[in-house]
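First comes the structure, then the notes that go with it.
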Amino acid sequence: MKHALLAFDSWLDHSFWRLGPTASRKWDSVCAAFDGFRARGWRRVAAELFGETLTLGVAGSVLVLALAVPAFRETGPDWLTRADLSVTFLDRHGVEIGKRGVMQNDGIPLKDYPDHLIKAALATEDRRFYQHFGIDVAGTLRAIVTNAKANGVRQGGSSITQQLAKNIFLTNERSIERKIREAFLALWLEHHLTKDEILKLYLDRAYMGGGAFGVDAAAHFYFAKSARDVTLAESAMLAGLFKAPSKYAPHNNLAAARARADQVLTNLVDSGFMTEGQVQAARFNPATPTPVAQISSPDYYLDWAYGEVRGRAAEGAFGGQRVLVVRTAIDPALQRHAEGAIEQMLRQYGDQYDVDQAAAVIMEPGGAVRAMVGGRDYGQSQFNRAVDALRQPGSSFKTYVYAASFASGKYTPDSVIVDGPFCVGNWCPRNYGRRFAGKVQLTTAYAKSINTVPVRLAASIGQRPIIDLAHRMGIRSKLVPGRAFALGVEEVSVLDHTSAYATIANAGRKATPYAAIEVADSKGDVIWRHDRNVKPPEQVLGPYVVADMAKIMLAVTEQGTGGRARLDGYQVCGKTGTSQSYRDAWFVGFTGSFVGGVWFGNDDFTTTREMTGGSLPAMTWKEIMTFAHQGLAPRPIPGLPRPGGGDVAAAAAPTDDGGTGVFQSRNLTDGGARVLGAIVSDVAAAAAPGRASLNASSGSVAAR
């Protein structure tokens, strides 16, 4: 071992001794080789400058690419469809009722724009657009020199492609980082799109003031016409908006807008696009904006409908289209009457009951919302109390308790239960009149809104089945079990509560509320229909449960707390509700044609002056529904036989003027009414004696 270690040490010393001279000789060889590249005098100066420039250039390129990476992350596969929605809403008959989102229309091809409009835009924003590669180097240098001489910003150096990149991907932040990203994205756009496609997108996406995006939306907003029809003077005024839309918007400062338009006409001449003679008429007769008449629109309804459309767009229902025309289920006449009825009731009885707010939802049994009132005055408060407010439903929540009890198979409307002193722990529910009725049928207990009975039912079947059923019927808010749970101490919205009741009116099928009937793109092509693209509703309640619930809910208006909601000639099923300390009052009910929910209360949750659901809410419900049913023949309610056993033909019997009840319906267009009237006449003829009757009782449901 000793000899081996000595040998290793000797080898190590020898190796290090030889390494030094060898490395020295190699270094001398390298130095000798590089001596051939040694420069002196001006050559050395040039080499040093080149080396430093190359080093700084590489470092700068790495930095610029690092700054550009976040911008390129925005260029995903859906980059072209990420603009805000532009939605035009129509009523159920196809008449425009309002807009939401950005005012934009990309449905006009570039070739359909007037030539002078395109030239005005190019002359003002980017004269060399068709010559450069996305970045106008000459234009940028010219802008730098001009701004330096003026000691301020007089010209912009961004090309149309760069401005489009900023509009689509970036913000208006003034920073070097944003300009670098803008330049790279401009090159990316030039690589992926043609010049005409870039120009088309720019004309469609540029902000033009007044909430309008794109020249066509601006033309409609300022001149009440399509961009196809604008004059040279109007084109010049529109082109002047690209630079500063707020500053040069004609409805804000007409003098500044006309001065800017005159500069645009000068640009047309300087660029060689037009001659002075061609622009003289536009100079002497500048454009005058035509204010668009403002009409009263159902703003609460439109806000909610816009939220529905945005949700479906996020799910990809419209194939990435961002400019949409939506036909809704709203009935404008019914909407106006509902708004007027609530305002009238508050004016007449507000002081008496010490209440100052209300909300209402009227819908079809299938879920189509025909009217929505989210508050007393949209101008004073845009908060939608029909959709966003959560309030205690009081006794109107008992509907879910009874429905779950019937669904359990333990109870029927004829079941007898004791209304007497009953306690859960140290809490004992009391009735409204502080009295107990003893043994009562469930129909009577529900109609009279006895409190001890639903608490006993909830204790019998459990609260979890009630919560599950309420959610399946349409309640979306959180429901927490508790001692007073069955009496409606949990909170719900008017829209959810009404749609949950509609499940019963819809023969047990869930009635999800909706506004959009069909959606078209900017070209007018229908791209979505509710009846085609939405899954069939879930069957939530069985036929016998629907029949049982219809029976006890009819008793509420016939012999119970909802008598003020009764409609002459129509069966009305419903339930009143009054929350703790009289903070909330409800009536929710339905006929064979409509479902409606009405709530009254105060925004600050202060108590009313002993207002119950059977008073002001029931009265308002009747006022709205009386108007809604004008000219409508009674329709059967699922689970209930039609009074008198009359058939469809009898319900549509001729009136004194020779028409029919259906023919005179204000809920149909004239053409639709004529077609429906002819169909009803044929049905009436087919229902002659000896033929099978079209008795509505066929829709009734037998007991178990």
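Quick note: residue numbers are just sequence positions, from 1. Just the heavy atoms: all of them, side chains too, but no hydrogens, waters or symmetry mates, feed the values below.
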* Regarding Tyr378 and Asp303, is there a side-chain donor-to-acceptor distance under 3.5 Å anywhere? -> yes

* Under the side chain to side chain donor-acceptor pair (under 3.5 Å) rule, what pairs show up with a residue in residues 251-263, not counting sequence neighbours? -> Arg258-Thr288, Asp262-Arg283, Gln263-Asn267

* Are more than 12 heavy atoms from other residues, nucleotides or ligands located less than 6.0 Å from atom NZ of Lys225? -> yes

* **Contacts of Ala257 that satisfy side chain to side chain contact (heavy atoms under 4.5 Å, CB included) - sequence neighbours left out** => Met237, Pro250

* Are Lys99 and Glu96 close enough for a salt bridge, meaning some N to O gap below 4.0 Å? -> yes

* For Ser226, side-chain hydrogen bond (donor to acceptor under 3.5 Å, both in side chains) partners two or more places apart -> Asp216

* Asked: With side chains defined as the heavy atoms from C-beta onward, is the minimum distance between His116 and Leu268 less than 4.5 Å?
  -> no

* Asked: Should Glu125 and Lys243 count as an ion pair when the cut-off is N to O under 4.0 Å?
  -> no

* Asked: Is any side-chain heavy atom of Leu85 less than 4.5 Å from a side-chain heavy atom of Arg310?
  -> yes

* Would you say the side-chain atoms of Ser477 and Glu491 include a donor-acceptor pair closer than 3.5 Å? -> no

* Asked: When you check the gap from the basic side-chain N to the acidic O, do Arg529 and Asp531 get nearer than 4.0 Å?
  -> yes

* To do: List in chain and number order the residues that pass side-chain hydrogen bond (donor to acceptor under 3.5 Å, both in side chains) with Ser271, two or more places apart in sequence or in another chain; answer none if no residue qualifies.
  => none

* Structure fact -> Sorted by chain and number, sequence neighbours left out, side-chain hydrogen bond (donor to acceptor under 3.5 Å, both in side chains) with Asp604 holds for Thr606

* side chain to side chain contact (heavy atoms under 4.5 Å, CB included) partners of Leu110, counting only residues at least two apart -> Tyr113, Ile118, Asp196, Leu199, Lys200, Leu203

* Please identify each residue that fulfils side-chain hydrogen bond (donor to acceptor under 3.5 Å, both in side chains) with Asn285, with sequence neighbours left out. => none

* In chain order, what residues pass the side chain to side chain contact (heavy atoms under 4.5 Å, CB included) check against Thr328, with sequence neighbours excluded? -> Phe89, Ile97, Tyr301, Val326, Ile330

* Identify whether the distance between the nearest side-chain nitrogen and carboxylate oxygen of Glu182 and Lys166 falls below 4.0 Å. => no

* To do: Sort and list the pairs that fulfil side chain to side chain donor-acceptor pair (under 3.5 Å) and have at least one residue in residues 21-32, not counting sequence neighbours.
  => Thr22-Arg25

* Asked: In this structure, are over 12 heavy atoms from other groups packed under 6.0 Å from Phe8 atom CZ?
  -> no

* Heavy-atom distance under 4.5 Å between the side chains of Thr512 and Tyr514, does that happen here? -> no

* Apply ring-ring contact (aromatic ring centres under 6.0 Å, His included) to His471 and list each qualifying residue two or more places apart in sequence or on a separate chain. => none

* **Sequence-distant partners of Tyr248, ring-ring contact (aromatic ring centres under 6.0 Å, His included), two or more places apart** => none

* Structure fact -> Hits for ring-ring contact (aromatic ring centres under 6.0 Å, His included) against Phe273, two or more places apart or cross-chain, chain-then-number order -> none

* Does a salt bridge link Asp13 with Arg18, judged by any charged N lying under 4.0 Å from a carboxylate O? -> no

